Structure formats: structure tokens, C-alpha cells
There are 2 protein chains.
Amino acid sequence: MATGRTHRPATRSRGIPEATVARLPLYLRALTALSERSVPTVSSEELAAAAGVNSAKLRKDFSYLGSYGTRGVGYDVEYLVYQISRELGLTQDWPVVIVGIGNLGAALANYGGFASRGFRVAALIDADPAMAGKPVAGIPVQHSDNLEKIIQDNGVSIGVIATPAGAAQPVCDRLVAAGVTSILNFAPTVLTVPDGVDVRKVDLSIELQILAFHEQRKAGEDAHTDGTGPAAVTREEPTEAAASADQGPDGDVPAVMPA
Amino acid sequence: MATGRTHRPATRSRGIPEATVARLPLYLRALTALSERSVPTVSSEELAAAAGVNSAKLRKDFSYLGSYGTRGVGYDVEYLVYQISRELGLTQDWPVVIVGIGNLGAALANYGGFASRGFRVAALIDADPAMAGKPVAGIPVQHSDNLEKIIQDNGVSIGVIATPAGAAQPVCDRLVAAGVTSILNFAPTVLTVPDGVDVRKVDLSIELQILAFHEQRKAGEDAHTDGTGPAAVTREEPTEAAASADQGPDGDVPAVMPA
DNA sequence: ATGTCTTTGTGAACGCGTGCACAAAGATGG
DNA sequence: CCATCTTTGTGCACGCGTTCACAAAGACAT
């Protein structure tokens with residue numbers, strides 16, 4: 001759903017539905033937790049509850065991977081962890097670069113989930129010369145002049161963009177030109193990439209706006225049945241054409257400091 | 001898709017499909033950019049290109065809001081900005097609390113996109129006493145002991161959780177008990193909430209794993225037709241039950257420092 | 001006023017994802 | 001070896017979302 005490409009060819013890769021792929025990491029996390037508690041097997045019912053999904057859906061998802069369960073018993077936790085890891089490509093080592101080491105970039109660099117699952121932060125890159133050499137999460141930041149060389153020397157195919165919105169597309173272009181074929185974009189912009197390159201987007205502002213929509217709906221349903229609703233400071237309605245002036249100083253401020 | 005509730009009642013709220021709601025912020029961003037450039041009208045084709053979607057989809061989306069376009073001309077930018085803002089509830093003032101002021105929490109607090117669109121960071125909350133009083137993004141961090149009072153005093157209905165995984169559910173419970181009905185969760189955990197509370201999840205690790213899947217598939221298709229693929233350091237295959245030991249020190253490390 | 005041209009709004013078909021419900025498969029006990 | 005019980009794997013139906021394709025609507029020129 002968030003592949004970002006305008007013309008996604010319904011990538012039912014080797015028969016595994018996109019929706020299923022999106023849930024595999026969820027299952028993997030639940031299974032890893034069980035594995036740590038040395039639980040040998042789980043039923044689809046239990047695992048589904050742990051992952052927060054329907055048990056029928058889970059069984060169907062697993063059926064795309066093959067028949068890894070035992071009827072009357074359930075699934076072997078260790079075996080399933082391995083199969084899902086392999087399916088997701090996590091048995092490989094994926095070097096990743098993070099471009100734009102502001103607040104968010106630093107948070108990502110410090111994110112433990114990277115290292116623990118086949119991902120390795122190969123380099124941190126920022127356009128600010130003052131950042132160069134400064135260690136973040138134990139890794140020295142490199143200047144973006146060296147971006148292409150870094151990509152090629154490390155065989156990087158996955159890039160994370162955490163720059164301001166304005167810098168995102170140029171950075172994206174350089175990443176792609178240097179050989180990156182998968183991009184995780186945190187900048188609030190639509191990225192244009194050539195075919196064959198995957199883009200996934202994470203947008204904090206959008207998530208909040210969706211929440212606000214539902215929140216407003218809730219408040220509307222309970223309308224004046226309680227006084228404890230949200231601070232209903234409804235702004236005055238603009239007269240058909242004067243809305244954007246008070247919309248904010250800038251369309252969408254980047255999630256990070258200038259890179 | 002990420003509402004989080006196990007049993008989502010297909011919330012076709014007032015006839016607006018969930019998928020459409022998820023795209024409205026995208027349109028709004030593109031429209032705001034046009035508005036800043038003082039563009040008076042746009043066609044569905046132009047706007048769709050800017051938002052990265054199909055033009056027919058865009059028109060259908062707008063049709064759920066009403067007939068705001070003029071045939072032969074297009075849509076009035078300012079008017080549409082207002083209509084979408086109103087539909088999303090962004091003409092209201094939404095006080096938001098961020099719980100867990102680690103790297104990620106700080107990045108969120110500094111995120112300009114919050115303030116610019118009806119969202120106001122009402123408070124930053126952390127469990128670490130050493131953080132209390134320390135200003136982050138110009139706002140002093142408050143201790144989580146005061147969580148309930150902060151929520152109620154500010155009429156907060158939207159909470160952002162950026163704590164470690166272990167702390168997320170307890171924090172969530174306290175937020176809900178204090179009156180929060182919408183939660184944006186950055187912790188890598190499935191949150192359980194009562195009916196009527198919306199949860200949206202943002203999970204960096206999952207996004208990366210989905211990218212890795214597609215990346216692996218690409219590499220598999222080009223299999224040994226080039227040598228420049230990803231660093232294909234395929235780990236040795238475990239003998240059916242020994243996978244989780246090298247899976248990483250901890251199931252899923254929180255995105256932030258302990259709160 | 002009339003015709004042409006552009007662009008919207010939407011009816012209809014299609015495909016994907018979800019969930020039910022059940023048969024098949026294997027474990028387990030006697 | 002047979003009966004019973006549990007749990008998987010899946011056929012099927014349904015609903016949502018996407019896309020095509022076109023008629024209706026308005027602008028604009030003559």
C-alpha cells in the first residue's frame with residue numbers, strides 16, 4: 001500500500017500477496033518473543049492473538065509459504081522463525097545507509113531493531129560539513145560528497161532518507177544513480193524513482209491527520225452529549241478563499257534539521 | 001489498515017472510505033504547496049501527479065467530499081484546502097502529548113509538521129526523573145507521575161507513544177484511562193485497547209523488512225546475471241531448530257532510550 | 001445562441017483481501 | 001488398530017478499493 005511507485009504492477013511476487021508480506025514481520029516478532037521464552041510450538045490461534053490478527057488470516061498467510069504446521073499440534077516456533085526470516089531475506093546481511101543525520105536520523109541510527117535483524121548501518125551521511133566525523137551511535141558521520149563511493153564500496157542497496165523535504169528528491173536521485181534500489185523515505189515528499197526501485201514512505205504528519213479525522217468523527221457522534229470532548233477551538237471559517245495563510249508558516253517542515 | 005484494533009467494524013465513517021481518508025493528507029500537502037505558489041486552480045490530472053496517485057482515484061476521492069470542482073476548469077485550490085482541512089478536523093486545535101522523550105521522542109517534538117497543521121504539543125512526558133524539567137524543543141519535559149493530570153488539564157485526546165516496547169502497554173493503559181482516545185504508537189509492540197480507541201502504528205523495523213523482501217526478490221530474479229548484488233553473505237542454514245539464538249540479543253530493541 | 005473543447009463526476013467491471021466454515025491430517029489414548 | 005480430538009489448510013463468498021470509460025456540465029470563442 002505504501003510502495004510509493006505510481007504504477008505498481010500488483011507485485012504478487014512468487015505468489016505471496018503484498019498484504020501477507022506486510023504481516024510477516026509481525027509474525028516474526030511474535031515468534032521471536034516465543035522463541036526467547038523457549039516455547040516449542042504455537043497454535044495459529046495463540047500466535048494470531050500475539051500478533052493481533054485473525055487466526056484464519058494467519059493460517060492463510062502461512063499457507064503461501066508452504067505447509068509448515070502440524071495438524072493437531074500447531075507450528076514449530078524455531079522452524080517458523082527460520083522460514084519467515086528466509087522468506088523476508090533476513091538471513092542475508094543488508095548494509096543500509098542513512099542520509100540526513102538530524103534528530104530523526106540520529107534516532108534511526110540508534111535504533112536497535114536495525115542491527116538485530118540482518119540490517120547493518122553501513123554509513124551515516126549528512127550534507128552539513130560540521131557533522132563530518134562526529135560520531136553518532138558510534139558511527140562517524142560522513143559528508144555527502146562521498147555518497148556514491150560509500151554506496152558502491154559497501155554494496156548498499158537499501159537507503160534511508162531522513163533529510164528535509166527539499167533535499168529528499170536530489171538525495172534520492174543520487175542514491176538511485178549509485179545503485180540503491182530500495183528506499184525508506186521519512187521526508188514529507190513524494191519521491192519519483194525509475195521502475196525497479198521500491199520506495200516506502202513513513203510520514204508522521206499523515207498518521208496524525210488520520211487520527212484527527214477519526215477523533216473528530218467520535219466527537220461529532222457524541223456531539224454535546226458530554227463536555228469533555230477535545231478542546232473544540234474551531235477556527236473561524238474562511239470566506240471561501242483565505243484558508244492557506246493561517247495554515248502554517250511552511251507547507252511541511254522537515255522532520256530533521258537541515259542536512 | 002493500521003487501525004490496530006483486531007475487530008475494526010469497517011469504519012466507513014459518514015460514507016468516506018478509509019482508503020480515501022488516508023490519502024486526504026497527501027492531497028492537502030500538494031494543495032498547500034500550490035497555494036503557496038499562488039496557483040488558483042488545478043486539474044485532477046495535475047494534482048494527482050503531484051500527490052503521486054491516479055487521477056481517477058483522486059476524483060473519486062473528492063467525490064466523497066462533495067462536488068467541489070468545476071468541469072472544464074478544475075478545482076479551486078484555496079477552497080479545496082479548506083474543505084479537506086475541515087474534513088480531516090484540522091480546523092480544530094488538537095493538543096498532543098508525547099510520551100517517551102528519547103531520540104525518537106525528541107525528533108518528534110522538533111517535528112515542525114506538528115505545529116503547522118492544527119496539532120500542538122501540549123506536553124512531553126518521560127519516566128526518567130533526570131529528564132524532568134529539561135527543555136526539549138523548547139518544552140520542558142514532565143515526569144510521568146503527572147501524566148493523568150496533564151492529559152486532563154489540557155483536554156488531550158491524542159497521545160504519541162515513543163517509549164521502549166516494554167513500557168508501551170502500561171503507558172497506553174494510563175493514557176486511555178486518563179481520556180486519550182487516539183494513539184500513535186512507535187513502540188514495536190501490539191497495543192491492546194478498549195473499543196472506541198484508535199491506534200495507529202509506525203514501525204521502522206517492519207518497513208525495512210518489507211523492503212528487504214522485495215530487494216531479495218529482485219536479486220533472485222537477476223540471480224547470477226551480475227556480480228554487483230547486495231552483499232550476499234547468506235548465513236548458514238540452521239538445522240531445523242537453532243535459528244533464534246543468532247537472531248539478535250533482544251527480540252526488538254526500542255526505538256528510544258529507556259523512559 | 002450555438003458549437004466546441006476541456007474536465008469533472010460516476011456507473012460498472014474487475015481484482016485483491018478477508019473471514020467463514022469445513023474437510024483432511026495427524027496426534028493421542030485405549 | 002480404531003476412535004476421538006485437536007488443529008491445520010483451503011474452497012468459497014463477500015465487500016472494499018481501483019480503474020476504465022463515458023456521459024454530463026460548464027467555459028469559452030465565434
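Predicted, not measured: the structure shown is a model, and the values here were computed from it. Letters A, B, ... are given to chains in the order of the sequence lines, protein chains preceding strands, and every chain is numbered from 1.
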Listing time: all N or O pairs from protein to nucleotides 5-7 of chain C that are below 3.5 Å?
from  : atom 1 : to    : atom 2 : distance (Å)
C:dT7 : O4'    : B:G72 : N      : 3.0

Name the pairs: protein N/O against N/O of nucleotides 12-15 of chain C, kept only if under 3.5 Å.
from   : atom 1 : to    : atom 2 : distance (Å)
C:dA12 : N6     : B:K60 : NZ     : 3.1

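At least one donor-acceptor pair under 3.5 Å links the side chain of B:T32 to the backbone N or O of B:L28.
The CD1 atom of B:I161 sits 4.5 Å away from the CD1 atom of B:I183 when rounded to the nearest 0.5 Å. For the atom pair CD1 of B:I210 and CZ of A:R200, the computed distance is 4.0 Å after rounding to the nearest 0.5 Å. Separation of atoms CG (A:N54) and NZ (A:K60) is listed at 11.0 Å; rounding is to 0.5 Å.
A:T41 is linked by a side chain to side chain donor-acceptor pair (under 3.5 Å) to nothing, counting only residues two or more places apart in sequence or in another chain. Applying the side chain to side chain donor-acceptor pair (under 3.5 Å) criterion to B:Q83, with sequence neighbours excluded, gives B:Y68, B:Y79, B:R86. By the salt bridge (Lys or Arg N to Asp or Glu O under 4.0 Å) test, B:R59 pairs with no residue at all, sequence neighbours left out. Applying the ring pair (Phe, Tyr, Trp, His ring centres under 6.0 Å) test to B:F62 and every residue at least two apart in sequence or in another chain returns B:Y27, B:Y75.
Across the protein-nucleic acid pair, A:F62 atom CZ and C:dT18 atom C1' stand 16 Å apart, rounded to whole Å. Straight-line distance from the CG atom of B:L58 to the P atom of C:dT10: 14 Å, rounded to whole Å.
Proximity note for B:S63 (side chain, C-beta onward) versus C:dA21, C:dT18, C:dG9: the nearest is C:dG9.
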